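Values in this document were obtained by computation on a predicted structure and should not be read as measured data.
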2 protein chains.
Amino acid sequence: MPPEQRPTPHITSADVARAAGVSRTTVSFVLNRTPSARISETTRAKVLAAAEQLGYVPHAAARSLRAGRSDLVVLPASVSAMGRLFSDWVDELETALGSRGYTVVLHGDRSTDPVTAARAWAQLRPAAVMAMGGARLTPEAVQVLAQAGTKAVVTVSAEPVEGVFTLIGDQADIGIAATEHLIARGRSRIGVVMPMERGLSAFAEPRLAGARRVAADRRAEITPLPMRYSDEAAAALAVLCRELGLDAVFGYNDEYAALLSAALADCGVAVPEQIAVVGADDLLLARVVRPRLTSVRYHLPGADLMAEAVDRLITGGSPAPLPRIRFEVLPRQSS
Amino acid sequence: MPPEQRPTPHITSADVARAAGVSRTTVSFVLNRTPSARISETTRAKVLAAAEQLGYVPHAAARSLRAGRSDLVVLPASVSAMGRLFSDWVDELETALGSRGYTVVLHGDRSTDPVTAARAWAQLRPAAVMAMGGARLTPEAVQVLAQAGTKAVVTVSAEPVEGVFTLIGDQADIGIAATEHLIARGRSRIGVVMPMERGLSAFAEPRLAGARRVAADRRAEITPLPMRYSDEAAAALAVLCRELGLDAVFGYNDEYAALLSAALADCGVAVPEQIAVVGADDLLLARVVRPRLTSVRYHLPGADLMAEAVDRLITGGSPAPLPRIRFEVLPRQSS
DNA sequence: ATGAAAGCGCTAACAT
DNA sequence: ATGTTAGCGCTTTCAT
């Protein structure tokens, strides 16, 4: 049977109503399972059949415009800057929120100004904005979202942010964990890689600060090591490490650490015997390179717990505060 | 100065009009730079000032509902399944489309049924859907999108898909490139890793088929090697490779290849002297491991070219066909 | 150069 | 149990 050629290209709920011989109200009630309306089984079946037969797909924009609420959850995040650990979590979060009826979309976050970014998200009038990555949430940005009716604004930060459901997690803790591990392994002349790529210093600085804090108490010495992400830069830095007489390096993350570790080996420095190396983020990479890379991993709250909290925020409840993000050293061969 | 507390939480274009002392029509003209309307400089300035002062943010849903067109580009893609090469491209595409006035959102693609997935995208009434990853586009799914008014449907496939702007790219070419490279290096007993993780066989099968096609002509022998992504599986497979007397392995992609390469070294097999290894996707990983991994990389059409084509499709033009996706072997130490 | 008015597709009081 | 009706915020003829 050839596909029926509709004169109207767009099928609306009115078409469904007409086909089923009911009003648009009834169609709306059936399709939304409105609890307050009692619909007879026969009517419900008729409506469903008509919708199916016509290939009706509701118009999300019209729906949320009228209803005054949206089921959209915007997750600002640049997809290429996402580690595996985080992207797995995002996938789970998407599933968890999806099963609660929300539509999750990732919104590339390449705008430089927080307010401009917030305006871009606000245009979509989302129920929630979860700025878990690099996006900065200034008070003005938060106000833009609030004014657009965003019910839940979530972020992760070292300290609570006014008007925002804050997941507490301090990058400094990563530097602390790595440095404590290295000192426990008997190291005391510790380099800390500072990536020179843009946007990374927001993470690198607190990690360095954490390392310094630990070292100050334990008579260890911290040397910041600026490094670009390239073979050449790593090779040069490897030589420098040897000349400085370092006995350990915290490599910012697994990628920088692995690159440097390979460069150290290439120039004859034994890892970990002469210089121990620690990464962070527990990427796949850490388990594939030799020596296997010691890494600091983080534990985000379960995606389901997070989804529950967001749902509570959207529906007007006050969620229980989530546990602080914890960091853990996974000792492997490189330290 | 404390933030002004508005009685109305949502600021609409009517508020802007009132504050500027003009009609909503004028506000719309100014904000959209409607070319057909001539607005005096003073009026334009007044409107802009009022909008800024009130913190007005347009309501994308209302706008596209009324205008009958949307500036949304939906990119269905599971973020955790994305390689670095592809995610970089997505970032660029986002920028390129953004500068043309489109709003790009990634929509997690975890639904099993193509039509269900298409319906989820169609709810957003996007101007374009770019299914570049694993998402299958059946004729029914394409029809759902067409009926929802999606102007541009784009995908990548080995052959043109009816009603879809198809980027031609054949996974088999990867297997072909890798195998030709290995044969040129004098290898003839070639294993091909077949990942057992779900969803990957859609890519793995054609790669294997490509390898077989080349081998048939050149008296080389292909052995499929099922493998799970784990240290243990890799170790076991490394032993098997030795026992089978293979002299080369195409590792499906860089991750599997690197894992296997490390396992081979661990069990005393010299790479590449005894067994050459080739990966694919040219991940960072390939340059960080030792020996550095030979990899097959692909060249997607430039993001700007792609954006241009999508824009053409949306605005009713017919874009020039894009160049076929090309694959290239990057020889490094492992082969 | 600017305004009045209609209506996009949908939901939710309020009727019946 | 189902229908009538009034908008949600915006764009766009058509007047003026």
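Taking only side-chain nitrogens and oxygens, A:Thr43 comes nearer than 4.0 Å to OP1 or OP2 of D:dT2. A close approach under 4.0 Å does not occur between any side-chain nitrogen or oxygen of B:Ser28 and OP1 or OP2 of D:dT12.
Contacts of B:Arg44 with the nucleic acid, taken as non-hydrogen atoms under 4.0 Å apart, are absent.
Under 3.5 Å, the side chains of B:Thr25 and B:Ser28 contain no donor-acceptor pair of N or O atoms. Side-chain polar atoms of B:Thr34 and B:Ser36 form no donor-acceptor pair below 3.5 angstrom.
Ion pairing between A:Asp311 and A:Lys151 fails under the 4.0 Å rule for side-chain N and carboxylate O. Between B:Arg136 and B:Asp113 there is no salt bridge, since no side-chain N of the basic residue sits under 4.0 Å from a carboxylate O of the acidic one.
Five base pairs at each end of the helix from C:dA1-D:dT16 to C:dT16-D:dA1 define two local axes, and these are offset by 30° (rounded to 10°).
The distance between atom NZ of A:Lys46 and atom C1' of D:dT2, rounded to the nearest whole Å, is 11 Å. Between B:Ile39 atom CD1 and D:dT11 atom P the separation is 13 Å, expressed in whole Å.
Counting only heavy atoms from C-beta outward, the side chains of B:Val57 and B:His10 never approach each other to under 4.5 Å.
Every residue two or more places apart in sequence or in another chain that forms a salt bridge (charged side-chain N to carboxylate O under 4.0 Å, His left out) with B:Arg312 is listed here: B:Glu308. Every residue meeting the ring pair (Phe, Tyr, Trp, His ring centres under 6.0 Å) condition with A:Phe86, not counting sequence neighbours, appears here in chain and number order: A:Trp89.
For the side chain to side chain contact (heavy atoms under 4.5 Å, CB included) with B:Val27, the qualifying choice from B:Val47, B:Asn32, B:Asp15, B:Thr43 is B:Val47, the only one to do so. The one candidate from A:Leu75, A:Leu72, A:Thr150 that meets the side chain to side chain contact (heavy atoms under 4.5 Å, CB included) condition with A:Val129 is A:Thr150.
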All N/O pairs under 3.5 Å across the protein-nucleotides 5-9 of chain D interface:
residue: D:dA6; atom: N3; partner: A:Arg66; partner atom: NH1; Å: 3.4
residue: D:dG7; atom: N2; partner: A:Arg66; partner atom: NE; Å: 3.2
residue: D:dG7; atom: N2; partner: A:Arg66; partner atom: NH1; Å: 3.1
residue: D:dG7; atom: N3; partner: A:Arg66; partner atom: NH1; Å: 2.9
residue: D:dC8; atom: O2; partner: A:Arg66; partner atom: N; Å: 3.1
residue: D:dG9; atom: N2; partner: B:Ala62; partner atom: O; Å: 3.4

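Within the structure, no pair that satisfies the salt bridge (Lys or Arg N to Asp or Glu O under 4.0 Å) test touches residues 67-80 of chain A, not counting sequence neighbours.
Shortest non-hydrogen contact noted between B:Ile325 and B:Gly169 is CB-CA, 3.9 Å.
The footprint of chain B on DNA chain C, defined by a heavy-atom cutoff below 4.0 Å, extends from C:dA1 to C:dG9.
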